[in-house]
Colleague: 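The following block contains the structure, expressed as structure tokens.
What's counted below: heavy atoms across the whole structure, side chains too, no hydrogens, waters or symmetry copies. If you're wondering where the values come from, they're calculated on a predicted model, not measured in any experiment.
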Amino acid sequence: MYAQGSEPFDDLVQVACVGLVKALDRFDPDRGAAFSSYALPTMSGELRRHFRDHSWAVRPPRDLQEQSLRVERAQEDLSRELGHSPTVDEVARRCGLSDELVLEARQALAARRFTSLSAPPGGRRRR
């Protein structure tokens, strides 16, 4: 599932292994659940935490990250539904946020990706 992402696959395997070790430490067989029922969600949670914490070039506060991701999903959904880019007001209504919070979330989304200052202008490589 994660093999095609931007993160090296070996790093993701390592993060999942950390989740497995945490599951081993915290598992209580007396509760009657199978180990796999406990380990898989723990490993998935560790991977989600890794992506949340490491996929931003500049890391905004967690609540702003979550708002940004909600705004991003709402923009994508509204674009498909409406057939055009949604307005700030449309996104705000969909997310239950104020216009100002939507604008702040959009700015935070820009922090997810960055371009090196030494990169050639226009994104083209020099030969």
Side-chain angles (χ1 to χ4, degrees):
M1 179 163 114
Y2 300 111
Q4 302 301 322
S6 61
E7 291 281 319
F9 186 70
D10 290 340
D11 289 355
L12 298 179
V13 170
Q14 186 174 14
V15 169
C17 286
V18 168
L20 180 61
V21 169
K22 286 182 178 183
L24 282 168
D25 287 343
R26 298 175 185 163
F27 181 67
D28 183 7
D30 295 334
R31 297 186 96 179
F35 177 70
S36 60
S37 302
Y38 183 76
L40 290 175
T42 304
M43 294 165 68
S44 296
E46 203 62 34
L47 284 164
R48 283 192 305 273
R49 190 172 303 106
H50 172 78
F51 283 118
R52 184 192 69 224
D53 293 345
H54 294 96
S55 65
W56 294 74
V58 176
R59 191 163 176 248
R62 185 173 178 181
D63 62 332
L64 183 55
Q65 284 182 19
E66 291 171 355
Q67 286 175 357
S68 299
L69 296 174
R70 269 189 14 222
V71 165
E72 184 178 45
R73 273 193 302 274
Q75 287 178 163
E76 291 170 358
D77 292 345
L78 286 167
S79 290
R80 273 193 303 276
E81 292 170 18
L82 302 173
H84 62 81
S85 294
T87 65
V88 172
D89 188 52
E90 290 169 334
V91 174
R93 276 183 291 180
R94 172 68 62 100
C95 295
L97 300 171
S98 68
D99 290 356
E100 293 80 22
L101 286 176
V102 169
L103 292 171
E104 186 178 1
R106 282 183 170 179
Q107 286 179 331
L109 283 170
R112 287 181 78 181
R113 296 169 193 88
F114 62 92
T115 303
S116 171
L117 295 175
S118 61
R124 286 185 243 147
R125 291 185 154 177
R126 292 184 198 168
R127 293 184 181 235

Colleague: Given side chains that start at C-beta, do those of H50 and V18 come closer than 4.5 Å, heavy atoms only?
Modeller: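 Not touching, per the 4.5 Å side-chain cut-off.
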Colleague: So, taking the atom named CZ in R106 and the one named OG in S68, what distance separates them when rounded to the nearest 0.5 Å?
Modeller: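 With rounding to 0.5 Å, CZ (R106) is 11.0 Å from OG (S68).
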Colleague: Kindly indicate whether the side chain of E100, heavy atoms from C-beta on, has any atom under 4.5 Å from the side chain of E104.
Modeller: no
Colleague: Once you round to the nearest 0.5 Å, how far does CD of Q14 lie from CG of L20?
Modeller: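 Nearest 0.5 Å value for the CD-CG distance: 13.0 Å.
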Colleague: Would you say V21 and L40 are hydrophobically clustered, going by side-chain heavy atoms of ILVMFWY under 4.5 Å?
Modeller: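 No, no single cluster joins them.
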Colleague: Using 30° and 60° as the class boundaries, would you call the ring planes of F35 and F27 parallel, tilted or perpendicular?
Modeller: perpendicular
Colleague: Locate the shortest heavy-atom distance separating C95 from A74; write the atom from each residue and the value.
Modeller: SG-CB, 3.5 Å
Colleague: List the atom of P86, the atom of S79, and the distance in Å for their closest heavy-atom pair.
Modeller: CD-OG, 3.3 Å
Colleague: Using 0.5 Å steps for rounding, measure from the CZ atom of R73 to the CG atom of L78.
Modeller: 12.5 Å
Colleague: Mind running side-chain contact (heavy atoms from CB on, under 4.5 Å) on R94 and V91 for me, showing each step along the way?
Modeller: CA-CA 5 Å; R94 172 68 62 100; V91 174; 5.6 Å; no
Colleague: Is there a path of hydrophobic side-chain contacts, each under 4.5 Å between heavy atoms of I/L/V/M/F/W/Y residues, joining L103 to V71?
Modeller: yes
Colleague: What residues form a salt bridge (Lys or Arg N to Asp or Glu O under 4.0 Å) with R31, not counting sequence neighbours?
Modeller: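 Counting only residues at least two positions away or on another chain, R31 forms no salt bridge (Lys or Arg N to Asp or Glu O under 4.0 Å).
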Colleague: Once you round to the nearest 0.5 Å, how far does CD of Q67 lie from CG of L69?
Modeller: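 Here the rounded value is 10.5 Å.
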Colleague: Which atom pair, heavy atoms only, marks the closest approach of L12 to L47?
Modeller: O-CD2, 3.6 Å
Colleague: Got a salt bridge between D25 and K22, using NZ or NE/NH1/NH2 to carboxylate O under 4.0 Å?
Modeller: no
Colleague: Minimum heavy-atom separation for T42 and G19, please, with both atom names.
Modeller: CG2-O, 3.4 Å
Colleague: When you check the gap from the basic side-chain N to the acidic O, do E46 and R49 get nearer than 4.0 Å?
Modeller: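 A salt bridge links E46 with R49.
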